[in-house]
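Counting convention: from 1, in listed order, for ligands and their atoms alike. Everything quoted here is computed from the prediction, not taken from an experiment.
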Amino acid sequence: MTGTTKIRLAIPNKGRIAQPIRDLVEKSGIHLRETGERKLVAKTVDPDIEVLFARPIDIPEYVANGAADIGITGLDMVHERGSVVEELLDLKMGRATLVVAVPEDAPINGVEDLDGARIATEFPNITRAYFETFGVEVTIVPVGGACEATPYLGIADAIVDLTSTGTTLQTNRMRILGEVLSTNTEVIANPVSLEQKREKIQEVVLALESVVRAKGQCYIMMNVNRDALPEVERILPGLGGPTVMDVASHEGLVAVHAVVREECVYQLITQLKRSGARDILVMSIERMIP
Ligand SMILES: Nc1ncnc2c1ncn2[C@@H]1O[C@H](COP(=O)(O)OP(=O)(O)OP(=O)(O)O)[C@@H](O)[C@H]1O
Ligand SMILES: O=P(O)(O)OC[C@H]1O[C@H](OP(=O)(O)OP(=O)(O)O)[C@H](O)[C@@H]1O
Ligand SMILES: [Mg+2]
């Protein structure tokens with residue numbers, strides 16, 4: 001790509017974080033154009049931003065070697081690849097823990113008991129480094145998925161895999177022996193690009209951050225008689241307090257606006273109605289920019 005303000009953003013083309021990331025990029029205003037089913041690169045509404053679709057595991061390396069200026073993927077992938085990138089923003093999704101797990105009934109009580117064991121994993125590099133810190137020698141069995149099945153297939157004694165809800169481990173009757181690392185989805189950047197294209201990269205990060213910040217928040221508007229205002233203001237946990245405005249041609253009536261957490265809305269409405277608020281409107285917030 002020519003010109004210092006043009007940037008390429010790498011996002012996952014498949015896997016569980018692919019769609020949420022794509023939705024986030026769209027919501028941030030960076031609308032994708034010409035995205036065919038198997039398209040690898042897409043233009044966006046911003047002529048200076050191009051999107052590259054790649055496997056989550058390849059994104060850290062594409063960002064590190066400059067094929068992309070910034071990328072969005074799991075931190076676990078960054079650690080597995082050992083890529084030298086800058087971590088710019090936690091997108092508050094894809095939270096999981098990489099754990100060592102063994103079959104429930106295995107006579108193993110700690111990581112030390114795994115000396116000489118076979119460990120199945122999609123994360124061979126992280127796993128090797130982890131056991132080395134304990135001075136425990138293991139044989140890595142690399143797999144591409146369905147890791148939890150390997151002990152029952154007789155090809156591994158333990159696994160190193162991601163868990164979030166714990167359902168997969170439970171279903172496969174496995175227990176956690178130790179935690180290896182915590183992961184979440186992050187925006188990462190090439191250090192040189194960050195130096196040379198800082199302004200443009202910050203613009204993209206700010207746009208993505210505004211969507212993350214707005215998540216779970218909504219905007220509530222209502223009319224209130226002026227004498228009921230103190231009570232309504234007491235109830236509303238707005239961002240820096242609610243905004244209060246006179247309603248034209250309605251002497252004694254004010255409009256109150258506030259940002260509130262979505263999970264509070266149900267209870268808030270009951271309380272607000274009781275305090276005399278009326279004409280209540282609740283709206284979703286797409287982006288929040290401080
Ligand atoms: N159970 C989970 N809970 C939360 N985040 C997860 C979980 N599993 C994976 N992730 C995150 O999603 C990223 C992509 O993993 P995923 O398994 O979806 O991709 P993939 O391996 O490319 O796809 P697939 O498993 O379909 O081949 C991981 O690097 C991790 O950061
Ligand atoms: O704690 P849980 O919520 O059950 O999630 C854990 C599962 O999620 C991931 O699997 P994924 O869906 O990526 O399938 P895969 O094993 O084929 O990679 C991970 O590898 C675990 O198997
Ligand atoms: Mg997977």
Original post:
For atom 23 (O) of ligand 1, is some protein heavy-atom partner under 4.0 Å away?
Top reply: yes
Original post:
Is atom 29 (O) of ligand 1 less than 4.0 angstrom from at least one protein heavy atom?
Top reply: yes
Go through ligand 2 atom by atom and flag the ones less than 4.0 Å from a non-hydrogen atom of [X].
X	answer
T165	1 (O), 2 (P), 3 (O), 4 (O)
E148	21 (C), 22 (O)
T167	1 (O), 4 (O)
T168	2 (P), 4 (O), 5 (O), 6 (C), 7 (C), 22 (O)

Original post:
Is there a heavy atom in G145 that sits closer than 4.0 Å to ligand 1?
Top reply: no
Original post:
Does a salt bridge link R118 with D157, judged by any charged N lying under 4.0 Å from a carboxylate O?
Top reply: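 Yes, R118 and D157 are salt-bridged.
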Original post:
What protein heavy atom is closest to atom 19 (O) of ligand 1, reported as residue, atom name and distance in Å?
Top reply: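 Sorting protein heavy atoms by distance from atom 19 (O) of ligand 1 puts G15 CA, 3.8 Å first.
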Original post:
Out of curiosity, K197 NZ to D48 CG, how far, rounded to the nearest 0.5 Å?
Top reply: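 Answer for the NZ-CG pair, K197 versus D48, is 10.0 Å.
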Subject >> S210 side, atom OG; E286 side, atom CD - distance, nearest 0.5 Å >> reply: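 Here the rounded value is 9.5 Å.
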**OP:** Would you indicate which of G94, P20, P56, A18 comes nearest to atom 5 (N) of ligand 1 when only heavy atoms are counted?
**Re:** G94
Original post:
Is a side-chain N or O of D69 found less than 3.5 angstrom from the main chain of R8, in a donor-acceptor match?
Top reply: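 Flag set: sc D69 to bb R8 pair under 3.5 Å.
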**OP:** For atom CD of Q170, decide whether the heavy atoms of other residues, nucleotides or ligands shown that lie under 6.0 angstrom number more than 12.
**Re:**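 For Q170, atom CD is not crowded (no more than 12 foreign heavy atoms under 6.0 Å).
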**OP:** Classify the contact between A96 and ligand 2 as side chain, backbone, both or neither, using a heavy-atom distance cut-off of under 4.0 Å.
**Re:** neither
